[in-house]
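Quick caveat, the model's predicted, so the values are computed rather than measured. Just so you know, ligand 1 is whichever comes first in the structure, and atom 1 is the first atom listed for that ligand.
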Amino acid sequence: MRVSRNNMLLFALFAGGIVLPTAILSFLSFRNIQNETFLAQKTLDENRYSFQTEVEETITKEEARILDETKSASMFLYEQPQSLLDSENTFFKTVEGIDAIFLFNKGQLIYPDISSRHFSASAGFSNATASHVEKQNFQQEFTDDKMAYQMRAFRQTPLQAFFETREENVQNLLGLIRLSYKEKNYNEALRLLKILESRPHLAGYLHADLTRAINLLHFDILVSQKKHKEAEEYCKLILSQFSHSESIEDIPSAKFFFESAFTRILSFEDLSQKDRETFWNLRENFNRQLGYMDILSQHRDLFNEILYDDISTKEGILYKSNDDATFLKMSYPLLSGDQILIAKINRDAYLARLLSKIKIVTQSWKGIPYSITNKNNHVLLGHIPDSTSALSQNILGEAIQLEFTLYEKDLREIRKESRRRMLLMYGLLSFSLITVLLGSFFMFRFLNQERKLLSMKANFLSSVSHELKTPLTSIKMFAEMMARGRVVKAEKIQEYSNLIGKEATRLENLIGAILNYTRMEHGKSAFHWERLDFSICAKKVYDAVEDIAVEKGLTLHAKIDPNVFVIGDYTALYGLAQNLIENAIKYTNAPGDITVSVYNEDNRAVFSVADTGIGIAPSEQKNIFNDFYRVGDEMTRSTKGSGLGLAIVKRVAETHRATISLSSKLGKGSTFTIKFKKVD
Ligand code: ADP
C-alpha cells in the first residue's frame, strides 16, 4: 500500500487528536487510582469522627424527646378520672417506648388512684396458686349425688341454724346455689346468693377468687333473666365495693369479673347511648389503672428502689434496671415542686425507637465499619468485621445501654477496589487502542480503494472515448471515400458498406454496455420481471456472436436444453449472456473452443460459458467483477474493453438472486457458471 502525503497527514492528525489525549488521560487516571488508597484512608478518618458524633447526638436527642413526651403525657394523667367509679372520659396520651406512668405528689401516689390504697397495703401481691386450689375444691363439691343430698339437708334445716354452722356449710350453700342455677331455678339461686352476699362474715370464709365467682354468677343470673338494668347496677355496686377493698389479692379475680361484666353490658342491645359511654369509660379507666397496678405488683422491688433513691436526681432523671424491667424517675427540676413521676420503659419499643433513628444516620455514612451491640453482645446494627481491630468503643444511651464500636477499615478492600479499577482501566485502554488501530486500518483501506476507483474511472473514460472514437473514425473514413466518388467498383462499395455496418454495430454495443451499466445503478426497479425461457435468450446471443467467433477461427459449441425457465428481465439476462460469451471469444486465441451450456439441475437453472482461452490468474479472479477492472496494464493490453462487462454480469446475477462461480487456469481457459432459481 502506498502512503500518500495526504494519508500521512491524516495519520498524524489521528495520532495527535486521539492517541495522544488518550495516553495522557490514561496516565493521569493511573496516578489517581494509585493515590486512591491514601485518599480513602484520609477521608475515612474524617468521616468516622463526624459519624460518631452524629450517632451520639441522635441518641441523646431521641432520649430527650422520649422524656419530653413522657412529661407531657403525665400532664394528661392529672386530668384522668381519679376514682374507679368515675366514668367521665378524658384524653389520654401514650408514649412509644413507655408502658406505664405513675405520678406522686408529696410522697403520695396520685395516679393510678386505685394503686394508692392497694399499694400501701404491705401484704404480698396476688397469690394465684392458692386461689386456684380453692377453686378446684369448690368445683369438686358439685358432684350431683352429693348436691342432691345437700339440697335435701338444706331444705330440712332452718336457715338461721344453717348459717350459724361452720365453714363447710358455706360450701354447701354454694353447691345449692350452683345447683339451682343449673336447674334454671334463677329466683332461688338469687335468693341464696343474696343471703350469702349480705353476710360479709360468711363471705369472709371465701377466698377472693370465689367471691368474684359468686359475683359473676349473680351477674349472669340477672343477665339470663334479662334484668339488664339490675345487672348494670349490680356491676357498679361491685366496682364500688372493690374500690374500697383493702385486699391486694382481689385484683386478678376482680379483673376477670369486670372484664366479663363490662363486655356483657356493652353488648346489651337496650343499653342507652349515655350508659354505653359510661360503661365504656369505666372499662377504659379500670383497665388502665389495673394494668398499671399489675406492672407495679410485678416489679415491686425495683419500683420501691427507684422511688426511694434520690442520689442522682440533681438533673431530675434517674434510671434503674434489673433483668426484667427498666424504670425511669423524673423529679425536680424537670417537674415542679414535690412531684415525682415513675415510668416503666418498654425496652423493645424504646430500643426500636432509638435504632430506627440511628439507622437513618448510618444510611448517609456508608462504608464506615461499625457495630451497635447490646449488653449481651448481640449485634443490633452494623456488623463486627472479623479481620480488623476496633478503633473506639462508646456507651450510648441512658435507659438502655448500647455499645457503639468503630473499626479500622480493611485496607485490603480498598486495594482490591483499586485493582479492580486498574483492570477496568487497562481494559478500556486496550479497547480504545484496538479501536484506533482497526479504525486506521479500515480508513486506509477505504482511502486506497477510493484512489483505485478514481484511477479506474479515469482509465474507463480514456478507454471508452478511445473505443468510441475508433469505429467512428473508420465509419467517417469509408463514408467520405464513398461520398467523394473514389470508390467505383461495386464489390468495393459493398465491402466498405459492410465495414461501416460492423463498426456501427461495435459502437452500438459499446453504448449499450454503458447504458446497461447506468441502468444497473438504478437497481431492481428498472427491471421488467417475467417468467422466461433462458435457453431461448442464450440461443439468441449464441446466434448473434457465432459469426464473430468463426471469423476469429474459434469453434463454438451449443449444449442448450430447451425449457429452462427462470423469473427475470429479458434485456438484462440477454446482456449477461452476451457479456460472458463475448468475453470468451475476446480472451481466446484461435484455434480454440467455446462451449455455451444451458440446462436444468435439481432446482437450479444453470448457464455456463467455457473457453480454452488465456485464463485468469487466481489473484485476479476476485477483482475482475469490480467496476472498470481490467486485468493487466493498459499499455500492454491487446484487447479492447471497458472493464464493465463482468461488473454488469455480477449485478444482474445479484438482482436475480443467482450465484456466479468461476474456475480458471492461466493459459488453459475459464468457465463462468451462473445458477438461477428454476421455475416450472
Ligand atoms: P472488459 O471490457 O475488459 O472485457 P470485463 O469486465 O468484461 O471487461 O472483464 C474484466 C477482465 O476480466 C477483462 O479485462 C479480462 O482481463 C478478464 N476476463 C474476462 N473474461 C475472461 C475470459 N473468458 N478469459 C480470460 N480473461 C477474462
Side-chain angles (χ1 to χ4, degrees), residues 452-453 455-471 505-521 538 541-542 544-546 548-549 552-557 572-597 607-655 660-674:
K452 268 190 180 168
L453 200 70
S455 86
M456 280 195 295
K457 267 190 180 163
N459 283 346
F460 168 73
L461 280 179
S462 76
S463 78
V464 159
S465 42
H466 179 76
E467 292 275 317
L468 288 171
K469 236 175 163 179
T470 320
T505 314
R506 248 178 82 186
L507 257 182
E508 198 183 7
N509 285 345
L510 199 63
I511 292 167
I514 296 168
L515 284 178
N516 244 341
Y517 181 77
T518 16
R519 199 157 78 103
M520 290 302 126
E521 299 266 87
V541 179
Y542 182 90
V545 299
E546 199 175 9
I548 309 169
K552 206 181 165 185
L554 304 171
T555 319
L556 220 53
H557 307 276
L573 291 180
Y574 187 93
L576 174 142
Q578 191 183 23
N579 269 317
L580 288 179
I581 301 173
E582 277 184 0
N583 272 355
I585 297 170
K586 214 156 58 173
Y587 300 106
T588 307
N589 298 322
D593 291 289
I594 292 161
T595 311
V596 177
S597 318
F607 167 61
S608 86
V609 181
D611 63 50
T612 55
I614 58 169
I616 306 157
S619 58
E620 297 284 8
Q621 289 184 8
K622 63 175 188 305
N623 295 329
I624 55 170
F625 293 98
N626 290 345
D627 293 354
F628 310 115
Y629 192 87
R630 305 200 70 210
V631 175
D633 199 327
E634 202 55 36
M635 292 303 177
T636 57
R637 236 188 325 248
S638 56
T639 54
K640 297 189 171 79
S642 58
L644 277 178
L646 286 181
I648 292 171
V649 167
K650 189 182 163 202
R651 289 202 189 189
V652 171
E654 273 170 2
T655 23
I660 309 178
S661 56
L662 161 65
S663 82
S664 180
K665 252 189 182 161
L666 211 55
K668 291 261 153 81
S670 322
T671 305
F672 286 85
T673 310
I674 316 278

Practice prompt. Determine, using heavy atoms of Gly613 and all atoms of ligand 1, whether some pair is separated by less than 4.0 Å.
Written response: no
Worksheet item: What's the spacing between Phe625 CZ and Arg651 CZ if we round to 0.5 Å?
Response: 13.5 Å
Item to complete: Using a strict 4.0 Å cut-off to heavy atoms of Asp611, name the atoms of ligand 1 that fall inside it.
Response: 22 (C), 23 (N)
Practice prompt. Using modelled atom types only, decide if a donor and an acceptor are shared between the side chain of Lys650 and the backbone of Ile660 within a distance under 3.5 Å.
Written response: no
Discussion item. Under a 4.0 angstrom heavy-atom cut-off, which atoms of ligand 1 come close to Gly645?
Written reply: 5 (P), 6 (O), 7 (O)
Worksheet item: Quick one: does Phe672 get within less than 4.0 Å of ligand 1, heavy atoms only?
Response: yes
Worksheet item: Which distance, rounded to the nearest 0.5 Å, do you find between the CG of Asn579 and the NZ of Lys586?
Response: 8.0 Å
Worksheet entry | Polar side chain donor-acceptor pair, Ser608 to Thr673, under 3.5 angstrom | no
Fill in: Backbone or side-chain N or O of Tyr629 under 3.5 Å from ligand 1 N or O
no
Practice prompt. Please verify whether a non-hydrogen atom of Glu582 lies at under 4.0 Å from ligand 1.
Written response: no
Worksheet item: Could you state the interatomic distance from OG1 (Thr655) to CG (Leu573), rounded to the nearest 0.5 Å?
Response: 8.5 Å
Worksheet, complete the sentence: Quick look: Ile616 vs ligand 1, heavy-atom contacts under 4.0 Å, and the answer is side chain
Discussion item. What I want to know is whether Ile614 and ligand 1 share at least one N or O pair that is separated by under 3.5 angstrom.
Written reply: no
Item to complete: May I ask whether Asn579 has any heavy atom positioned less than 4.0 angstrom from an atom of ligand 1?
Response: no
Worksheet item: What atoms of ligand 1 come within less than 4.0 Å of a heavy atom belonging to Lys586?
Response: 1 (P), 2 (O), 4 (O)
Discussion item. Using modelled atom types and a 3.5 Å cut-off, is there a donor and acceptor pairing between side-chain atoms of Tyr587 and backbone atoms of Ile616?
Written reply: no
Discussion item. Measuring from atom CD1 of Ile581 to atom CG of Asp611, what distance do you get when rounded to the nearest 0.5 angstrom?
Written reply: 11.5 Å
